Amino acid sequence: MKLTLLMPGLAWLDVHDGAEVCRGLSLPALSCLLGRGHRHGQALSLTELYGRACGFPLHGLARELAKHAGLTGDDWLMADPVHVRIDRDRALLADVGVMRLSQDEADAMVQSLNRHFAEDGLTFHAIEPGRWLLQLPGPSQAQFTPLQDAVGENVNEHLPAGARGLHWSRLLNEMQMLLYTHPVNDAREMQGELAVNSVWLWGDGAAASQLADQPRADLLLSDDPILQQQADCPTDAMPYDFSGLMARCATLPANSHVVVVQDALLSAAQYRDAWGWREQLQRMETDWFQPLLQALKQGKISELQLQCHGAAGFKLRICRRDLWKFWQRPQSPATLY
């Protein structure tokens, strides 16, 4: 079996202190893979990582989601509910993954947005509590940063761009002002919940198509509903650990190519939770890297490709014979920075 393992967040996202964050970690199996595999850097965004590895670009998602939800129309944006927090001279973005949001709360806020922006020809739809769509009267004529690339980042560096970028920035400010004073948010804050004080616009354009130069996987294992929806191969949920992966793949042909999205490190990396990231990485050493190394030695995996995103992101390829290169010393994750 050939295994492509995507681990977003494996490389600490701030390269200037990555080595310090990794200081003192004991990760012998990961270090062995890093030292004996064929590794080259790839400074990719999370969207680019998923798109290249899975074989399809992740754009045009809003139209696809609208279609799946039974909504008609050609011009759509995602308008996902988010929380923006002011931190000194920055505005940091948190997605719905750190919030508990009910459908009733989403419907109430969307109803208010629709009343306010009716004259602009904009219509919001809360197809799920944490997934909102925005129907447009025509093409947006702007470029938007995908939500997953903006989470934990400075919002001011990811504002709408392009011919009508300023127009959309103005509309976004209006949306934020409306949500900031919304009664639903007043009630949420009284209960100790984060306010939904903005939406994040993204995902417009034509539907994505398969990349011609990317080999098709035989199975994609991921908990990301968008990746599952876009994939043109069988999909299943992400197994809890490596033993679960091997059990799931036991019935596949020996030459199968399996793509696994293991994103347990992602949230801590995005929100710069250094201690949480270190603790999770230690668990990954036990649950994934040690059994991965053993499976390579035993020939259960013919080739492993390990990939992650960020400024220190990389793509590593290793097979069984590479493990015999004893002259290549293990490299700790600190050497990535």
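Computed from a prediction, not measured in an experiment: that's the story for all the values here.
Sparse packing is recorded around CZ of Arg100, with 12 or fewer heavy atoms of other residues, nucleotides or ligands lying under 6.0 Å away. Crowding of Gln191 atom CD: a count of heavy atoms from other residues, nucleotides or ligands under 6.0 Å exceeding 12. Atom OH of Tyr240 sits in a sparse spot, with 12 or fewer heavy atoms from other residues, nucleotides or ligands closer than 6.0 Å. More than 12 heavy atoms of other residues, nucleotides or ligands sit less than 6.0 Å from atom CG of Leu252.
Side chains of Ser102 and Asp104: a donor-acceptor N/O pair is absent below 3.5 angstrom, by distance only. Side-chain contact annotation: Asn185 with Glu189, donor-acceptor N/O pair under 3.5 Å absent. A donor and an acceptor atom, one from each side chain of Gln148 and Thr47, are located under 3.5 Å apart.
Between the side chain of Trp277 and the backbone N or O of Gly9 there is at least one donor-acceptor pair closer than 3.5 Å. Checked by atom type and distance alone, the side chain of His125 never pairs as donor or acceptor with a backbone atom of Ile127 at under 3.5 Å. Side chain of Arg320 to backbone of Ser302: no donor-acceptor contact under 3.5 angstrom is found. At least one donor-acceptor pair under 3.5 Å links the side chain of Gln328 to the backbone N or O of Gly35. Remark: the backbone N or O of Glu193 is not paired with any side-chain donor or acceptor of Arg188 at under 3.5 angstrom.
Residues Val258 and Cys249 come closest through the heavy atom pair CG2-SG, 4.0 Å. Among all heavy-atom pairs drawn from Ala91 and Asn156, the shortest one is N-ND2, 4.2 Å. Between Pro8 and Leu49, the closest heavy-atom pair is CB-CD2, 4.3 Å. Asp204 and Ala142 make their closest contact through OD2-O, 3.7 Å (heavy atoms, listed as atom of the first residue, atom of the second, distance). The two residues Ala312 and Ala11 make their nearest non-hydrogen contact at O-CB, 3.7 Å. In terms of heavy-atom proximity, Val21 sits nearest to Ala274 at CG1-CB, 4.2 Å.
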Apply the test side-chain contact (heavy atoms from CB on, under 4.5 Å) to residues Leu93 and Leu147: give CA-CA distance (whole Å), side-chain angles for both, the deciding distance (0.1 Å), then the verdict.
CA-CA 9 Å; Leu93 183 71; Leu147 175 59; 3.8 Å; yes
Could you go through Trp12 and Asp17, starting from their C-alpha distance and side-chain angles, then the distance that decides it, and tell me whether this counts as side-chain hydrogen bond (donor to acceptor under 3.5 Å, both in side chains)?
CA-CA 8 Å; Trp12 186 249; Asp17 61 358; 3.1 Å; yes
Pair Trp202-His158, ring-ring contact (aromatic ring centres under 6.0 Å, His included): steps then yes or no:
CA-CA 11 Å; Trp202 67 291; His158 297 280; over 10 Å; no
Please evaluate residues Leu65 and Met78 with respect to the criterion side-chain contact (heavy atoms from CB on, under 4.5 Å), reporting the C-alpha separation (whole Å), side-chain torsions for both, the decisive distance (0.1 Å), and the verdict.
CA-CA 9 Å; Leu65 288 179; Met78 316 275 260; 3.2 Å; yes
Derivation of the side-chain contact (heavy atoms from CB on, under 4.5 Å) call for His167 and Gln141:
CA-CA 10 Å; His167 167 77; Gln141 297 181 314; over 6 Å; no
Assess whether side-chain contact (heavy atoms from CB on, under 4.5 Å) is satisfied between Val155 and Trp200, documenting all intermediate values.
CA-CA 10 Å; Val155 171; Trp200 192 254; 3.7 Å; yes
The test is side-chain hydrogen bond (donor to acceptor under 3.5 Å, both in side chains); show your working for Asp224 and Ser222 and say whether it passes.
CA-CA 5 Å; Asp224 189 315; Ser222 171; 5.4 Å; no
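In this structure, His309 and Glu48 have side chains that are not in contact, with every pair of non-hydrogen atoms separated by 4.5 Å or more. Looking at heavy atoms from C-beta onward, Asp322 lies out of side-chain contact with Leu296 at the 4.5 angstrom threshold. Using a 4.5 Å heavy-atom cutoff, the side chains of Val261 and Met238 are not in contact. Counting heavy atoms from C-beta on, the side chains of Ser332 and Leu25 never come closer than 4.5 Å. Residues Pro330 and Leu33 fail the side-chain proximity criterion, which asks for heavy atoms closer than 4.5 Å. Contact of the Val98 side chain with the Tyr271 side chain is registered, since non-hydrogen atoms from C-beta on lie closer than 4.5 Å. Contact check for Leu6 versus Thr4: side-chain heavy atoms found under the 4.5 Å cut-off. In this structure, the side chains of Tyr337 and Asp14 stay at 4.5 Å or more apart for every pair of heavy atoms.
Separating the CG atom in Leu3 from the CG atom in Leu292 is a distance of 6.5 Å, to the nearest 0.5 Å. Note: Phe314 CZ to Met7 CE = 9.5 Å, rounded to the nearest 0.5 Å. The OG atom of Ser45 sits 10.5 Å away from the OH atom of Tyr50 when rounded to the nearest 0.5 Å. For the atom pair CD of Glu128 and CG of Leu101, the computed distance is 11.0 Å after rounding to the nearest 0.5 Å. Here the OG1-CH2 distance, from Thr123 to Trp76, works out to 7.5 Å after rounding to the nearest 0.5 Å. Expressed to the nearest 0.5 Å, how far CD of Glu157 lies from OG1 of Thr145 amounts to 10.0 Å.
Residues Val259 and Met246 do not share a hydrophobic cluster, clusters being chains of Ile/Leu/Val/Met/Phe/Trp/Tyr side chains in contact below 4.5 Å. Val15 and Leu44 are not part of a single hydrophobic cluster, where members link through side-chain heavy atoms under 4.5 Å apart. Ile226 and Leu221 are not part of a single hydrophobic cluster, where members link through side-chain heavy atoms under 4.5 Å apart. Residues Leu134 and Val110 fall within the same hydrophobic cluster, defined by Ile, Leu, Val, Met, Phe, Trp and Tyr side chains chained together at heavy-atom separations under 4.5 Å. Placement of Leu336 and Leu46 in two distinct hydrophobic clusters is found when ILVMFWY residues are connected by side-chain heavy-atom separations under 4.5 Å, directly or transitively.
Gln42 pairs in a side chain to side chain donor-acceptor pair (under 3.5 Å) with only one of the listed residues (Lys315, Arg52, Gln307), which is Gln307. In summary, of the residues considered (Asp80, Leu179, Leu77, Val82), a side chain to side chain contact (heavy atoms under 4.5 Å, CB included) with Val199 occurs for Leu179 alone.
Between Phe242 and Trp288, the ring planes lie perpendicular to each other; the angle is over 60°, past the 30° to 60° tilted range. Between Phe117 and Phe124, the ring planes lie tilted relative to each other; the angle falls in the 30° to 60° range.
Between Glu64 and Lys67 no salt bridge is recorded (no basic side-chain N to carboxylate O distance below 4.0 Å). The pair Glu153-Arg272 meets the salt-bridge criterion, since a charged nitrogen lies less than 4.0 angstrom from a carboxylate oxygen.
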